[in-house]
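Worksheet: one structure, shown below.
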Amino acid sequence: MRLSKSFGKTLREAPADAELASHKLLIRGNFVRPTGAGIYTFMPFGYRVIRKIWAILADEMDAIGGQEMWMPNLHPSALWEATGRWNTMDVLMKVKGGGSREYALSATHEEIVVDLALRETESYRDLPRMIYHISKKFRDEPRARGGLMRLREFIMKDAYTLDTSEEALDEYYPQMIQAYYNIFERCGTPALAINADVGAMGGKSSHEFVVPHDQGEDTFIACADCDYAANVEAAVFVREGDKPEKLDDLVKTATPNCKTIADVADFIGVPTSQTGKAVFYWWTAAGEQEDAGRFIFGLVRGDLEVNEVKLINALGGGTVRAATDEEIIAAGATPGYASPIGLTIADSLDAPGVYVIADTSLKAGGNFVVGANDEGYHFTGANYPRDFAVSQMADIAQADTGYKCAQCGGRIEARRAIEAGHCFKLGTRYSKATNATYLDKNGKPQFIYMGSYGIGIDRLMAIIVEKHHDDYGIIWPESVAPFQVHLMHIGKGSDVRKTADSLYDSLRKEGFEVLYDDREASPGVKFNDADLIGIPWRVTVGGRSLAQGGVEVKQRSEKERHLVPIEELAAFLRQS
RNA sequence: CGGGGCGUAGCUCAGUUUGGCAGAGCGCUCGGUUUGGGUCCGAGAGGUCGUCGGUUCAAAUCCGGCCGCCCCGACCA
């Protein structure tokens, strides 16, 4: 590629609204151009990187028996109605065709795969299978952000497994996990597999692949002493603290102007871990209207926080929002001074009374200070279950730095990361909805077990840049670089242009991908563009180096410059 | 969806407070100059000031609606 002929130009300045390094550098380097919020055009250089990542993904998928396909992006509404997601997936984009035809734009491809599976899979002899494709996804993200990090239209590699049973799926799953490790390793962005919440995908379990990054959107928990790692929404930890040897009496105590945990702990003179924190929600079951929901009283030890995803999972799904003061009072509790003591506790989610869901931390410790449901008063010496009952005891507290690891007893810490991939064991969530079955050895129909495994390619490209850049530009890992060699001529010397032209031809004949900066520009401009674009090898033809018998070769990632005789150049590049 | 900010030349932005000729740097075109780290000099091209409406003798500037974009939060495979 001759730079003088390339479509588009590098920019000296990035758009003012770009904040992430990847966003700025990919635009400045002419890799991408914004088309709309969360919508990007890949320019020729950017598309070359996409193809490199594509090849790595296909290679790793093929290596574990994957078969590449190409599925449509326009999905008849009936397929989404069949799985029940036409109306429940709120990021689903819909388009109307002629007449009454309606389509979903491909937000994901489970619907297509399960429909294919039920048509093509007849018996156990047709299983297992692993298929994948690389194609566009469309999601009506409420907030696109961070350049290529969160898009409304993006490119995803998604693979799907079809198995006869949960055991068969379990057996194959580690191969996929390993392939994912390989992929991220090869792209220069080693990732961590962590346990994750299954979210809207449904299914049994999932692993999220994350790349640690300070500006990441994800928080995950990792143990400093062992290999435990999990998304904060799935992370378990040990509630430290012992039952007191002697339970104090329950005493009502005046605590004027103590509406926060910190205030009341300070006023009474106990640590926050010896208090109970009440948090109120309005919960709506999945598929229900909000007015069919109910009030939920969340209770955690005062030093902890409620994690809403854990709470929702403990309630069996649905959505929650913060309860209003009116709803709290209607439930019989006093905002700021609430506790289960004195309330009628519901036995189940269908029963009357107040549904109290308490974190297991209430069993670690005792003689708690809790609200008295009376403005200005708390109880001291509150102990579970002596003084109050709860509807449900569950893990609803958020893990955080310094807590005790449930696996090894060491200390865990919270870190930020970017989600780069996700593996789901879907089980029969989709095959049951569509009656996708196969005949087993006994001739009996059984549901197909599915798994789905995604990697966002444009996001991965952005992550690579986040991990591989300096103040001057991108430093592409060889495996995904748009070109291997950035050739340029500088200065006026008589043979300079001729030598560079012939090197451009000979290097390409040797099989190198070469970007040739053949512009008549000043050296500074050319060097700066080379640093910005970030191709691994820079070959400079100039009067100075020619006089010394060669050309200057420099790696983008290194400082040293090498003088290499022209006839040895290809060999030098190849062996380094 | 809540909070905040922005929209003026291809890009970065000034001009809006206090209404009165449409501006700068970079980029682009032409001529010259320079040639190992974003050279220098000169001459040009380029904008219905996001959009629709209102106020006014007069609107980039004041008022209102709409659209678009960014950031924080909620949400999120």
Side-chain angles (χ1 to χ4, degrees), chain A residues 8-20 23-24 27-28 30 33-39 85 88-92 106-110 137-147 149-152 154 156-160 196-203 206-210 215 217-218 231 233 308-309 312 319-322 419-426 429 451-456 459 471-473 488-494 496-497 517 519-532 538 540-548 551-552 554 561 563:
Chain A
K9 287 191 181 69
T10 58
L11 303 176
R12 194 179 288 215
E13 287 174 284
D17 48 40
E19 296 202 336
L20 290 176
H23 192 187
K24 292 179 191 167
I27 288 175
R28 284 191 54 214
N30 195 25
R33 291 288 181 251
T35 298
I39 308 170
R85 293 207 290 181
T88 57
M89 183 173 268
D90 49 11
V91 297
L92 193 65
S106 52
T108 172
H109 283 79
E110 277 82 19
K137 296 283 187 279
F138 302 86
R139 293 180 192 174
D140 195 12
E141 288 292 345
R143 189 182 152 207
R145 68 184 92 178
M149 285 299 174
R150 176 174 291 282
L151 296 165
R152 298 217 166 95
F154 59 101
M156 181 179 254
K157 185 287 302 176
D158 41 328
Y160 300 87
D197 177 68
V198 293
M201 292 300 296
S206 81
H207 284 91
E208 200 174 305
F209 281 80
V210 296
Q215 291 170 69
E217 296 183 76
D218 261 30
N231 186 293
E233 294 162 356
E308 291 183 12
V309 174
I312 289 167
T319 56
V320 294
R321 63 162 171 80
E419 180 183 353
H422 212 145
C423 295
F424 294 92
K425 287 184 182 176
L426 299 175
R429 157 76 178 81
S452 94
Y453 316 85
I455 291 180
R459 180 183 287 184
D471 290 347
Y472 304 99
M488 70 170 79
H489 63 73
I490 57 173
K492 248 189 176 168
S494 54
V496 166
R497 179 70 190 236
D517 189 348
R519 299 172 301 174
E520 293 299 338
S522 73
V525 169
K526 295 179 130 187
F527 285 131
N528 277 304
D529 269 346
D531 288 343
L532 174 61
R538 189 182 79 190
T540 309
V541 181
R544 190 202 282 177
S545 53
L546 284 183
Q548 293 171 61
V551 294
E552 180 192 281
K554 178 184 172 296
R561 303 163 184 211
L563 185 71

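- Ion pairing between A/Arg429 and A/Glu110 fails under the 4.0 Å rule for side-chain N and carboxylate O.
- The residue A/Val525 sits close to a base: some heavy atom pair falls under 4.0 Å.
- Electrostatic pairing of A/Arg321 and A/Glu308 does not count as a salt bridge here, judged by no charged N lying under 4.0 Å from a carboxylate O.
- Among the heavy atoms of the strands lying under 4.0 Å from A/Arg561 is at least one base atom, whether or not backbone atoms are also near.
- Across all strands shown, B/C30 is found opposite B/G42 as a Watson-Crick or G-U wobble partner, with both distances under 3.5 Å.
- In the set B/C76, B/C26, B/G36, the nucleotide with an atom closest to the side chain of A/Arg12 is B/C26.
- The side chain of A/Ser545 approaches B/G36 more closely than any other nucleotide in the set B/U12, B/G36, B/C70.
- At the heavy-atom level, A/Leu11 lies nowhere under 4.0 Å from the strands shown.
- Note on A/Arg519: nothing from the nucleic acid sits closer than 4.0 angstrom, heavy atoms only.
- Both distances falling under 3.5 Å, in either a Watson-Crick or a G-U wobble arrangement, place B/C13 opposite B/G23.
- Here A/Tyr453 pairs with nothing under the ring-ring contact (aromatic ring centres under 6.0 Å, His included) rule; sequence neighbours left out.
- A salt bridge links A/Arg538 with A/Glu552: the closest approach of a Lys/Arg side-chain nitrogen to an acidic carboxylate oxygen falls below 4.0 angstrom.
- Atoms NZ and CG, from A/Lys9 and A/Asn30 in turn, are 9.5 Å apart once rounded to the nearest 0.5 Å.
- Between the base of B/G73 and the side chain of A/Arg145 there is no donor-acceptor pair shorter than 3.5 Å.
- Across all strands, A/Ala107 comes closer than 4.0 Å to base atoms (heavy-atom distances).
- Judged by atom type and distance alone, A/Arg150 reaches the base of B/C76 through a side-chain donor-acceptor pair under 3.5 Å.
- Between B/C69, B/C71, B/C75, one nucleotide has an atom nearer to the side chain of A/Asp17 than all others, and that is B/C69.
- Using a 4.0 Å heavy-atom criterion, one finds that A/Gly146 contacts the sugar-phosphate atoms exclusively.
- For A/Asn528, the listed nucleotide lying nearest its side chain is B/G37; candidates were B/C13, B/C71, B/G37.
- Residue-level contact check: A/Glu520 touches neither bases nor backbone, having no heavy atom under 4.0 Å from any strand.
- Checking B/C11, B/C69, B/C28 against every side-chain atom of A/Lys9, the shortest atom distance belongs to B/C28.
- Using a 4.0 Å heavy-atom distance criterion, A/Glu217 is classed as making no nucleic acid contact.
- The residue A/Arg28 sits close to a base: some heavy atom pair falls under 4.0 Å.
- Comparing B/C69, B/U39, B/C76 against the side chain of A/Glu141 picks out B/C76 as the nearest.
- The side chain of A/Pro142 lies closest to B/A74 when the candidates are B/U12, B/A74, B/G37.
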